[in-house]
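Chain A is the first sequence line, chain B the second, and so forth, proteins listed ahead of strands; every chain is numbered from 1.
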Amino acid sequence: MSDLPALLVVVPLLGSVTVMLAGLARSKTGWPIAVGTCLVQTVVGVALTVRAFGDQPIRYVVGGFTAPFGIELVIDGLSATMAVLVAVVALGVLGYARVAGPRSNPFYATYLLLVAGLSGMSITGDVFNMYVFLEITGLAAYALVASGDSGRSARAALKYLLVGTIGASLFLLGIGFAYVATGTLNMTDLSAQLAEVGYASPLVQASFGLLVVGLFVKIAVFPVHTWQPSAYSGAPDSVSALISALVSTIAAYALIRIIFTVFTVEFLLTNAFAQNVLVAGAIVSIVLGSVIAVAQQEIKRMLAYSSVSQFGLVVGAIAIANETALTGAVIHLVGHAIMKGGLFLTSGLVANATGARAVDDYRGLAERFPTGAVTFGVLALAMVGVPPAIGFVGKWYIALGAVEAGSWPLAVVILGSTLLTLAYFTRIIERMFFREPVADTASGATTNGAPLVTDGEGTDAEPPLVSAGMQATVLLAAVLAVVLGVAAFEYGQVLEPTIERLLS
Amino acid sequence: MTEVDSLRPLVAVLLSAAAIVPILLSGDRPNLREAWTLLVAVTGLGVVASMVPGVLKGTVYVTDLGTFVPGVEFALRADPLGILFALLASLLWLVTSFYSIGYMRGLSEHSQTRYFAAFAGSISAAVGVAFASNLLVLFVFYELLTVATYPLVAHDETDEARAAGRKYLAYTFGGGVAVLAGAILVFWTTGTTAFTPGGIAALASADPEVARAAFGLLVAGFGVKAALMPLHSWLPDAMVAPTPVSGLLHAVAVVKSGVFGIARVVLDVYGPDLTAGLGVGIALAAVATFTLVVASVIALRQDNLKRRLAFSTVSQLSYIVLGLAVLGPWSLVGGLLHIPAHAFMKLTLFFCAGAIHVETHTDDISNMAGIGRRMPLTMVAFGVASLGMAGIPLVAGFVSKYFLLIGTISAGDVVFTAALLVSGILNIAYFWPVVYTAFFESPGAADEKPVVENPLGGWVGELDVASTGTQTSTRVPIEGTSAPADIERDDHGYAPTHEGQGAVDESEAAAHIDREHGDDTSPAWEHRRWNGEESTWFMLGPILFAMAGSIVLGIVPDSAVFLQIVRLIVENVTGVAV
């Protein structure tokens with residue numbers, strides 16, 4: 001029982017190695033092992049969650065080296081949430097990836113490596129350890145993006161690699177500065193020692209700046225988002241869904257951790273400039289992300305820019321730094337992961353079923369492929385923030401937080417973001433339900449869609465393009481997006497002690 | 001007032017939403033599908049009506065579903081104001097369902113399953129708006145109403161319909177954002193958004209600037225659906241939808257959800273005293289007055305019947321808003337009573353316009369000369385409802401307008417009284433020509449219509465003889481109305497290129513015209529008798545029912561339940577029995 005926290009990292013790591021080794025003996029063993037691993041991961045995560053929401057976080061000392069010197073794993077409500085989110089989303093995407101692929105064992109090995117990295121980032125209580133997991137996450141993500149078989153994937157992965165590495169390096173530099181200032185790497189210890197050094201010290205300020213900018217790159221805040229649209233659109237559909245749902249989310253979690261656990265609210269209060277940078281990043285991301293999304297022709301690129309905009313909301317909530325807004329940030333992180341992951345999976349499903357990948361190809365989709373159209377519609381409306389879906393609850397908390405804090409420009413932008421989000425999703429909803437499919441694009445689509453109907457003629461041994469698992473996954477995401485909205489309040493209550501501790 | 005825990009409000013909301021599933025599943029069996037709609041409409045009406053006696057005795061039925069977000073309960077309350085709107089919406093939904101069947105089948109419309117499903121969803125959301133217990137729950141259903149009605153606006157799948165749909169979403173979601181912002185401000189200042197008759201007490205002690213800002217946001221947000229100028233422009237465009245939609249949603253459920261929202265804000269969030277104290281009531285009244293006069297003037301110049309009705313709706317909705325904004329007990333009664341009164345009358349008018357469209361494909365008033373021969377019952381109903389709109393006694397419009405006039409005078413605001421009277425005259429000016437042309441003109445011999453046909457403000461410079469020559473009683477068919485065969489669409493008599501231009505063009509309507517009968521060789525509409533052979537009873541029945549409703553409300557308002565509910569609401573809020 002007491003070793004459970006370590007299992008969160010160890011299980012996927014072992015799974016990853018097992019998949020790799022099993023692949024040497026037999027191919028096509030990757031999927032079942034990965035599913036088993038993710039199931040165990042989910043169980044461990046849930047078991048920890050039950051205990052994590054108490055007054056005190058679960059602390060676990062790795063290898064018996066006590067806190068300020070050794071590495072510590074700290075699991076509070078927030079980390080537990082993220083760990084469970086990672087496990088559940090990874091499991092869900094696996095349900096989709098079984099047929100949709102990529103299906104090689106190395107893919108699943110990397111996949112589990114990514115899960116290990118993300119889980120590690122969620123639960124670690126040590127900044128350098130967080131950097132290590134950040135790099136594991138990054139490297140696994142680069143490799144996954146490159147696992148598509150087109151040149152475009154490779155190029156997108158290269159771009160991701162270059163920009164992502166810069167981000168990670170800035171993060172590392174920030175840790176270095178903090179270490180120089182204090183001589184410790186443990187988050188709790190660091191927090192106390194930084195306060196002693198003084199928040200006005202240039203060393204501390206530089207450390208904060210480097211850490212935040214490094215994480216901005218990883219979150220894809222405008223204008224350092226440039227890797228993200230090409231990575232999301234260049235990667236295979238399963239990978240787009242996984243990384244769009246998790247990688248930026250966990251980076252945003254890391255930002256919360258760094259700002260509130262390590263630097264604390266007092267730092268933000270002492271350095272108004274730091275808060276202003278966060279607010280500016282949020283506003284620019286929300287507005288420009290949406291505006292650019294409206295201009296996109298490719299569905300996946302549009303969804304990618306939508307992420308830029310949505311993470312603007314989260315960064316905004318972090319900048320507001322009060323209890324309501326932070327609760328909203330966490331709810332929106334979870335909600336966005338479900339909704340955006342679901343949207344990417346749906347777009348992949350639609351592409352498999354009809355060949356439609358551009359906004360204009362979605363014309364008349366409601367008749368050609370109703371499951372896809374309805375799911376996409378529900379998830380899009382949830383993202384717009386139509387109550388009672390989860391997208392609304394997050395926005396309510398964040399907007400209320402902004403008003404409570406009296407940061408009016410941010411409040412206006414957050415509320416206005418509903419309309420901005422609507423702007424890019426309306427284009428698609430209207431095309432799906434209220435336009436006839438165009439003849440020339442439809443011809444390409446029907447040839448692609450043909451195996452769907454006359455499946456199993458044995459001509460080319462083509463696998464069925466739309467499996468029950470794929471459909472079930474996206475439907476589940478749509479249902480979750482609505483149901484979680486109803487449950488969000490209970491969750492907000494449970495999270496309260498955790499948030500209070502973050503802000504104290 | 002006693003509160004009773006009851007599932008009935010929840011059932012009333014969920015019933016029609018639950019109907020969506022069987023409606024979608026029985027899409028290929030139209031009779032079964034419509035049976036579901038009718039079944040749920042009857043049951044829903046029964047559930048709502050079963051609460052009316054209790055509500056009149058002072059009982060409030062409450063379904064509490066627990067906390068929604070901190071400090072805000074997700075609860076449904078059937079209080080008098082809520083039951084007024086819910087009863088109206090569910091009663092008229094039942095009527096409209098019959099009409100929809102006649103209309104959609106009469107035109108062999110596409111996507112009827114989606115239509116009926118979206119209709120059920122809209123009513124569910126409208127009843128939710130009615131029973132919402134606080135601003136946030138109201139906002140939830142207000143947004144859901146937008147989502148549910150969007151497929152109905154864009155139903156035609158033409159460029160116009162899609163453009164109207166886009167505009168509709170942009171306007172109403174914009175309004176939704178304003179409502180949300182206002183609700184957040186109210187919540188932030190008072191810690192609650194729950195509706196309290198007479199207003200939330202804590203709001204009175206709040207910073208007046210914040211309170212005014214919140215009022216402005218809330219009213220602007222609800223004002224979008226209430227079509228307050230300058231936020232009204234989505235409504236005429238949304239007339240591109242099938243006529244039952246224009247009738248029930250864009251004259252009753254959707255637009256009145258906006259008015260209803262304003263009523264909640266004025267009566268149950270701010271309360272009449274605070275609204276007057278902040279000086280926002282008079283501002284709202286000014287906007288409403290402007291809207292009701294200007295929209296009437298614009299309606300004068302609309303030749304398309306549905307567009308004319310749309311601007312009439314814009315104008316009439318502002319009667320209600322004006323009544324609410326003037327804040328005196330009499331004007332409150334007038335404004336609130338105008339909600340059902342206008343609903344019955346305008347529904348009659350829209351149903352008539354739809355019946356004319358289905359039967360003869362005539363949509364422009366200038367082509368309706370003599371149409372009373374073809375559709376006698378329909379046009380009589382139209383005439384009765386028009387009289388009511390203008391405020392002639394014995395029809396519903398008189399009663400509510402009477403209260404409004406008394407209310408504005410007793411509040412000392414003579415300007416508003418004058419505006420109401422002017423608008424009444426304008427009502428006659430834009431409705432009477434329709435009745436006149438239908439019964440007292442014939443396609444060959446119709447008077448000129450200078451207001452509609454000539455440019456606004458009259459001719460400038462020299463008269464162009466050639467162009468005035470064409471402006472005679474016989475309209476020249478608009479180019480392209482010979483309906484190219486490849487354009488397969490039906491636009492419900494709205495778009496500029498709509499297929500039927502009435503008696504004088506080459507389209508279907510011509511089939512109804514007798515060119516020769518006896519000695520008289522002038523063209524005339526074929527004669528149909530007064531026994532309903534002009535159309536199907538699926539359409540005539542609802543038309544006559546809605547007409548009868550407006551007469552009942554006009555002759556015996558006190559025994560019609562709506563006025564009793566309205567009196568109760570006003571008494572609860574102001575403490576004055578009217």
Exercise. Let me know if A/Leu400 has heavy atoms under 4.5 Å from chain B in its side chain, its backbone, both or neither.
Key: both

Practice problem: Could you grab the distance from atom CH2 of B/Trp234 to atom NZ of B/Lys225, nearest 0.5 Å is fine? | Solution: 7.5 Å

Self-check item: Donor-acceptor pair, side chain of B/Thr243 and main chain of B/Ser246, under 3.5 angstrom
Solution: no

Quiz item: Do the ring planes of B/Tyr270 and B/Phe215 sit parallel (below 30°), tilted (30 to 60°) or perpendicular (above 60°)?
Solution: perpendicular

Exercise. May I ask you to name which of A/Val486, A/Thr418, A/Leu422, A/Thr426 has the most heavy-atom pairs under 4.5 Å with chain B?
Key: A/Leu422

Only pairs under 3.5 Å count here: list side-chain donor-acceptor contacts from residues 169-179 of chain B, not counting sequence neighbours, and write none if there are none.
{"from": "B/Tyr171", "atom 1": "OH", "to": "B/Ser233", "atom 2": "OG", "distance (Å)": "3.0"}
{"from": "B/Thr172", "atom 1": "OG1", "to": "B/Tyr168", "atom 2": "O", "distance (Å)": "2.6"}

Quiz item: Does the pair A/Arg435/B/Glu157 count as a salt bridge with the N-to-O cut at 4.0 Å?
Solution: no

Quiz prompt | Residue among A/Glu430, A/Glu367, A/Lys395 with most heavy-atom pairs under 4.5 Å to chain B | solution = A/Glu430

Quiz item: Just checking, is any N or O donor in the side chain of A/Thr327 or A/Tyr491 under 3.5 Å from an acceptor N or O on the other one?
Solution: no

Self-check item: Non-neighbouring partners of B/Arg33 that pass salt bridge (Lys or Arg N to Asp or Glu O under 4.0 Å), sequence neighbours left out
Solution: none

Practice problem: Name the region of B/Phe74, side chain, backbone, both or neither, that has any atom closer than 4.5 Å to a heavy atom of chain A. | Solution: neither

Quiz prompt | All pairs passing side chain to side chain donor-acceptor pair (under 3.5 Å) where residues 205-218 of chain B contributes a residue, at least two apart | solution = B/Glu209-B/Arg212

Quiz item: Taking non-hydrogen atoms and a cut-off under 4.5 angstrom, which of residues 126-151 of chain B neighbour chain A?
Solution: B/Leu136, B/Phe139, B/Val140, B/Glu143, B/Leu144, B/Val147, B/Tyr150, B/Pro151

